[in-house]
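Notes to accompany the following structure.
Here the structure is a predicted model, which is why all the values come from computation and not from measurement. Numbers here simply count residues along the sequence, with the first being 1.
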Amino acid sequence: MSRVQLALNVTDVEEAVSFYSRLFATAPAKVRPGYANFAIADPPLKLVLIEEPSREPGSLNHLGVEVGSSAEVTAATARLTAEGLTTTVEDGVTCCDAVQDKVWIGGPAGEPWEIYTVLADAEMPPGSCC
């Protein structure tokens, strides 16, 4: 299973969780101080909320595609490299309250994209996400 990820900067994660819970008629999959994420089935979307009071509310933090396995991350890395894109691989990194394997690329306007898989849940100190 793959789904697009949209990570947004918010000024108040509790307020944002309330809004997006109602918008998508689903509860968040994970809530931590300054962080929440939703695994939305319809439409298939991983919505990540990162409390960043110094950034414009609703601005883009990063984009991604969540995939089901490390093998899919490795295959994406090979495909992107073959397409001539610069990739940055992070294996076993702890980010956004999870241990992940991922590859990063920059979009044409510099927007950060990641293709990643979640390996395990992890606790992180507040304010240390992504």
Query - Side-chain donor/acceptor of S2 to backbone N/O of V67, under 3.5 Å - result: no

Query raised in the report: Are F38 and L63 connected, step by step, through hydrophobic side chains (Ile, Leu, Val, Met, Phe, Trp, Tyr) whose heavy atoms are closer than 4.5 Å?
Result: yes

**Report entry** Min side-chain heavy-atom separation R55-I50 under 4.5 Å
**Finding:** no

Query raised in the report: When you measure from the side chain of Q100 to the backbone N and O of C95, does any donor-acceptor pair fall under 3.5 Å?
Result: yes

Requested in this report: Examine distances only and state if a side-chain atom of E52 and a backbone atom of N9 form a donor-acceptor pair shorter than 3.5 Å.
Outcome: no

Requested in this report: Decide side chain to side chain contact (heavy atoms under 4.5 Å, CB included) for E66 and Y116; before the verdict, give the C-alpha distance in whole Å, the side-chain angles of both, and the deciding distance to 0.1 Å.
Outcome: CA-CA 5 Å; E66 182 180 22; Y116 71 99; 3.4 Å; yes

Report task. Check whether any side-chain heavy atom of E72 lies under 4.5 Å from a side-chain heavy atom of T117, and answer yes or no. Result -> no

Query raised in the report: How many angstroms lie between NZ in K46 and CZ in R3, if you round to the nearest 0.5 Å?
Result: 5.0 Å

Requested in this report: Take atom CD of E111 as the centre, draw a 6.0 Å sphere, and report whether it contains more than 12 heavy atoms from other residues, nucleotides or ligands.
Outcome: yes

Report task. Indicate yes or no: at least one non-hydrogen side-chain atom of L6 is less than 4.5 angstrom from one of L60. Result -> yes

Query raised in the report: Are side-chain heavy atoms of K102 and V93 found at a separation under 4.5 Å?
Result: yes

Query - same_hphob_cluster(V118, L47) at 4.5 Å side-chain heavy-atom cutoff - result: no

Query raised in the report: Would I115 and I105 show up in the same hydrophobic cluster when neighbours are defined by side-chain heavy atoms closer than 4.5 Å?
Result: yes

Report task. Examine L45 and W113 and state if one hydrophobic cluster contains both, with Ile, Leu, Val, Met, Phe, Trp and Tyr joined whenever side-chain heavy atoms are less than 4.5 Å apart. Result -> yes

Report task. For S21 and V17, work out which heavy atoms get closest and say how close. Result -> OG-O, 2.7 Å

Query - Y20 side chain near L8 side chain, heavy-atom distance below 4.5 Å - result: yes

Query raised in the report: Minimum heavy-atom separation for A98 to K30, with atom names?
Result: CB-NZ, 4.1 Å

Query raised in the report: If Ile, Leu, Val, Met, Phe, Trp and Tyr residues are connected whenever their side-chain heavy atoms lie under 4.5 Å apart, and connections chain through other members, are L119 and V73 in the same group?
Result: no

Query - D101 side chain to G92 backbone, donor-acceptor under 3.5 Å - result: yes

